[in-house]
Amino acid sequence: MIEMIIINGAVMGGVISILATGFSLVFGVAKILNLAYTAFYMVASFLLYIMIIMYKLPLSLSFVTSIIITAILAMASYKICLDRIKEHESAVLIITVALTILFQEILILFFSAINRTIPPLVGGSSEILGVAILNQQIFCVVVSIGIIAIIWLFLSKTKMGNAIMAVAEDREVANLMGINVSRMCMITVGISGVLAGLAAVVVAPLQMIQPYMWMYPLVSVLCAVILGGLGNIKGGIVGAYILGFTEACVVFLFPKFSFLRGAVSLSIMLIILLIRPEGLFGIIFEEERL
Amino acid sequence: MYLDVKNLNLFYDRAMVLDELSFHVNKGETVSIVGPNGAGKTSALRAIAGLVKWEQDILKGTVMGKITLTGSVLFKGEELLKLPAYKIAERKLILCPERGRPFRERTVLENLQAGAYMVKSKKVMQELLNAAYEIFPILKTRKNQVAGTLSGGERCMLAMARALQSQPELLLLDEPTVGLAPLVKEDLFACVKKIHAMGVTILLTEQDVSFAFELSERNYVLSRGKVVAEGTASQLISDDLVRKTYLGL
């Protein structure tokens, strides 16, 4: 039982953490609560379906192309719809919801609302600690850990990463260092688009592809990043794994009530926020409490 | 003239902040702008460094966004007023903001590395870092400490050291002594002197008139957004009206 919880929790946490990292980056740097973020993940999944199933393109080419197109789409959406209104928080929320519904309706128009599947990048299954697990699920965990490592190295060891973190903390002061803040926001949105595309590559084969597939991940991602501390990448990742393991616990310890796994995760988020309103890793300096 | 500010006007909605402000700074000088709270000292430096234009751009369309900035700011003969703030920094005109505003969640070293964003060579970056540690030795001992946990004086030193990493030719210091104890002010005074001795031209704003007068070769007295007096410290102190009305000495 414990093995099943650990393995399935790691898989669920890995899936959410990829999306949570991109979401946290965009909120932290560009200060945009991008509710359309999981819609990019949905679009990337459909792009994979179009290329692999409809046009029979090779898997690797389809994966790379879908990631690139998703990143371009994310940057174009930011430039056209969000850049000029990003100081209007309520307008950002409305526009990002509108974008999500736009993508959803376009996909319904062309593909209808039926469930579709794509083949996994890594086929077959293995047994770990006596638990049967799809190789694609193992791949998902490995990729999520790899992404976390790469993002951490990029942000902490490179000049551009340091500049992005400077922008995340104080956009105005970052200007004074010669940092082009708009450019950094655009790069961050591009990275988040790549992460949404990557999430589709590793997760879409495990799920049904349909035009409402943005909803559940959005709730999970919002829950993870708020739990960890909005805009804090480390917090988002830890929050994702807490959710993953919580959901796995509910599913395996109380199988009859597995439909309540989302409700249990949200309750945990509420409890943590009541104790630490800034989230697990959110930082509030004393002068900000005044 | 190195920096030439002419007829600078700044309005936030209908509130006038700068009123036909004109002054200049010559290469190699240390020049002070002194004046009481609300005189427009910080706004003047923010306008020169491009932050008012930044505010205008990001707040466009909001209720806070009615900002009008007119006039001229020439740096080495080039008009700065239409340039974005990061382009002004690229011209080696660097503002060290009021209360330093270090990146509080980042370590001292990461703050300094962010300051060196425009420096391409790693060797030069290391040299700049060493030079900063020489002027502000306390920062070397605190290099792995998160900036938000530093004292007020250390934060101010970190902000100056961070500004030095951008290799400034003209350094704008906005009220470096605000909120600091007298002993810390003395340390800071010595540090500013060292920075000036490195060949950096300095324009600073101050409420602490004696700090400013001791450091500077020339001074401007600002009141309600315009220059009401200018001269050396001795000239200003010898003018009874200026001394009593604006300097409180």
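Just so it is clear: chains get the letters A, B, ... in the order the sequence lines come, proteins before strands, and each one is counted from 1.
- One finds the OH atom of B/Y86 at 9.0 Å from the CG atom of A/N175 (value rounded to the nearest 0.5 Å).
- Crowding of B/K140 atom NZ: a count of heavy atoms from other residues, nucleotides or ligands under 6.0 Å not exceeding 12.
- Taken to the nearest 0.5 Å, the CG atom of B/D57 stands 13.0 Å off from the CZ atom of A/R84.
- Within a 6.0 Å radius of CD in B/E79, other residues, nucleotides and ligands contribute more than 12 heavy atoms.
- Looking at B/K120, the atoms closer than 4.5 Å to chain A (heavy atoms on both sides) all sit in the backbone: N, CA, C or O.
- For the pair B/E105 (side chain) and A/E169 (backbone), a donor-acceptor distance under 3.5 Å is absent.
- The number of heavy atoms from other shown groups lying within 6.0 Å of NZ (B/K66) does not exceed 12.
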task = Kindly determine whether B/R106 and A/M165 satisfy side-chain contact (heavy atoms from CB on, under 4.5 Å), including the steps that lead there.
result = CA-CA 8 Å; B/R106 319 281 293 150; A/M165 293 308 285; 3.4 Å; yes
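- Between B/Y117 atom OH and A/L176 atom CG the span is 14.0 Å, to the nearest 0.5 Å.
- The local environment of CD in B/Q56 is crowded, with over 12 non-hydrogen atoms from other residues, nucleotides or ligands closer than 6.0 Å.
- Side chain of A/D170 to main chain of B/P102: no donor-acceptor pair is present (N/O by atom type, distance under 3.5 Å, no hydrogens or angles).
- Of the listed residues (B/I88, B/N111, B/V119, B/L93), the greatest number of heavy-atom pairs within a distance under 4.5 Å of chain A belongs to B/V119.
- Around NZ of A/K234, the count of heavy atoms belonging to other residues, nucleotides or ligands within 6.0 Å does not exceed 12.
- Here B/R162 is the residue among B/R162, B/E90, B/K87 with the most heavy-atom pairs under 4.5 Å with chain A.
- Nearest heavy atoms, B/A89 versus A/M177: CB-C, 4.3 Å.
- Across B/A159, B/A114, B/A85, the residue that shares the most heavy-atom pairs under 4.5 angstrom with chain A is B/A114.
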ask   = Checking side-chain contact (heavy atoms from CB on, under 4.5 Å) for the pair B/I58/A/E172: CA distance, chi angles, key distance, verdict?
value = CA-CA 10 Å; B/I58 64 162; A/E172 188 176 90; over 6 Å; no
